[in-house]
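Structure, as structure tokens:
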Amino acid sequence: MLEVRNRKTVAAIVLIPVVIALAVMAFVWPNARLQPRELPVGVAGPPNAAAQLAQRLGEHGGAFDVTTYATEDAARTAIEERDVYGAFVATPEGPKVLTASAASPVVAQLLTAAAAENAPSGARPVVDDVVAAPEEDPRGSAFGSSVLPLALAGVISGAGVTLLGLRGSRAVVALVGAACGIGLVGAAITDSWLGVLDGTWWAEAGAFALTALAGSAVVAGFAAVLGTAGIGLGAVINVFLGNPFSGVTTAPEMLPEPVGMLGQWLPVGSGGQLLRSVAFFDGNAASGPALTLGAWTLAGLCLVLLGRGRRGGTGAAEGPGEAVEARPAMAGQSAAGQRGQ
């Protein structure tokens with residue numbers, strides 16, 4: 001017994017620092033390597049001037065993925081539809097840069113700096129924020145802060161349903177109901193109270209709800225199949241990977257690869273993109289994130305339903321009750337035996 005306890009003590013001393021180190025790396029490493037990587041931007045203006053702009057941007061070593069547009073209006077439309085983060089425009093009056101601080105204040109600042117760097121000597125580029133961030137959140141810090149609560153909401157909901165002993169269809173109903181409540185609360189706080197979102201209220205609530213449901217379904221689904229270890233796996237996907245890899249505070253293209261791409265396939269990253277689309281861009285580019293969240297939700301809920309029989313066979317829900325009933329019966333049999341003697 002003493003040897004077993006010693007082994008557990010050593011395991012705790014070794015494993016806990018390793019887990020913390022991995023968590024710190026997951027959160028700190030992407031932010032320590034921020035730089036544009038194939039960042040989608042546009043150039044517009046007369047053909048010769050636009051070609052020169054595209055060439056200068058191409059000299060930044062793969063920082064930008066450049067698309068040429070015939071007119072400034074076409075570039076504006078591409079920004080509003082979330083095809084590009086911004087555009088550089090050659091005009092008779094001088095250089096101009098179109099930004100979208102609602103898409104990413106960090107990228108908007110980066111494009112402004114790049115426009116000044118590539119402008120002719122003595123020229124100052126005109127900056128036009130096509131889709132501006134709300135006045136209550138000009139730096140996007142409040143929007144970025146919504147990521148961690150969304151990640152935690154998924155873990156707490158999924159773990160809560162599991163620990164309450166809900167199984168099968170009852171677990172599904174509880175997960176959906178909790179997600180709807182999270183959606184209403186999230187929109188009420190961020191839109192109605194704080195005013196950091198500018199979209200349709202119900203669409204924002206739906207984005208919050210779907211993100212929470214995807215995260216909680218993953219946790220509850222893994223728990224239904226793997227037991228308590230499934231809660232930990234769901235927490236890793238939602239919090240330790242989903243939160244730092246989401247790119248919501250900057251942009252997915254600013255994170256090192258393959259972190260930026262991976263984050264968009266996880267519930268929190270796709271949820272952040274969905275919320276940004278419905279809050280600031282009239283739902284443009286929302287279909288991809290919505291499909292990703294739908295796939296996570298469907299997979300998680302299927303695991304919840306399929307895992308019902310497996311967990312039911314282990315007696316996880318009924319075992320304690322049966323044990324309580326068995327003890328009096330055994331005690332009665334023991335007493336009867338003693339009287340017989």
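Just so you know, residue 1 is the first one in the sequence shown, and it goes up from there. Because the structure is predicted, anything quoted here is derived from the model rather than measured.
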Apply side chain to side chain contact (heavy atoms under 4.5 Å, CB included) to residues Glu253 and Tyr85 and explain how you reach the verdict. CA-CA 10 Å; Glu253 295 82 2; Tyr85 282 93; 2.7 Å; yes
Stepwise, does the side chain to side chain contact (heavy atoms under 4.5 Å, CB included) test hold for Leu39 with Val107? CA-CA 9 Å; Leu39 190 72; Val107 171; 3.7 Å; yes
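The distance from atom CG of Leu57 to atom CG of Leu111, rounded to the nearest 0.5 Å, is 9.0 Å. The OG1 atom of Thr99 lies 7.5 Å from the CD1 atom of Ile79; values are rounded to the nearest 0.5 Å. Atoms CG and OG1, from Leu274 and Thr292 in turn, are 9.5 Å apart once rounded to the nearest 0.5 Å. Here the CG-OG distance, from Leu266 to Ser246, works out to 9.5 Å after rounding to the nearest 0.5 Å. Separation of atoms CG (Leu301) and CG (Leu213) is listed at 5.5 Å; rounding is to 0.5 Å. Between the CG atom of Leu197 and the CD atom of Glu136 there is a distance of 10.5 Å, given to the nearest 0.5 Å.
A salt bridge is absent between Arg76 and Glu80; no separation between the charged side-chain nitrogens and carboxylate oxygens falls under 4.0 Å.
Annotation for Gly234 and Val155: closest pair O-CG2, 4.4 Å, computed over non-hydrogen atoms.
Asp137 places no side-chain N or O within donor-acceptor distance of the main-chain N or O of Ala133, the cut-off being under 3.5 Å. With Arg276 contributing its side chain and Phe143 its backbone, the two residues share no donor-acceptor pair below 3.5 Å. Checked by atom type and distance alone, the side chain of Trp296 pairs as donor or acceptor with a backbone atom of Trp265 at under 3.5 Å. Under the 3.5 Å distance criterion, the side-chain polar atoms of Asp129 are matched with a main-chain donor or acceptor of Ser101. Without hydrogens or angle criteria, Ser277 side chain to Asn284 main chain gives a donor-acceptor distance under 3.5 Å.
No side-chain heavy atom of Lys96 sits under 4.5 Å from any side-chain heavy atom of Pro125.
The 12-atom threshold is exceeded at CD of Glu38, counting heavy atoms of other residues, nucleotides or ligands nearer than 6.0 Å.
Aromatic ring orientation, Phe27 versus Phe240: perpendicular (interplanar angle above 60°, classes split at 30° and 60°).
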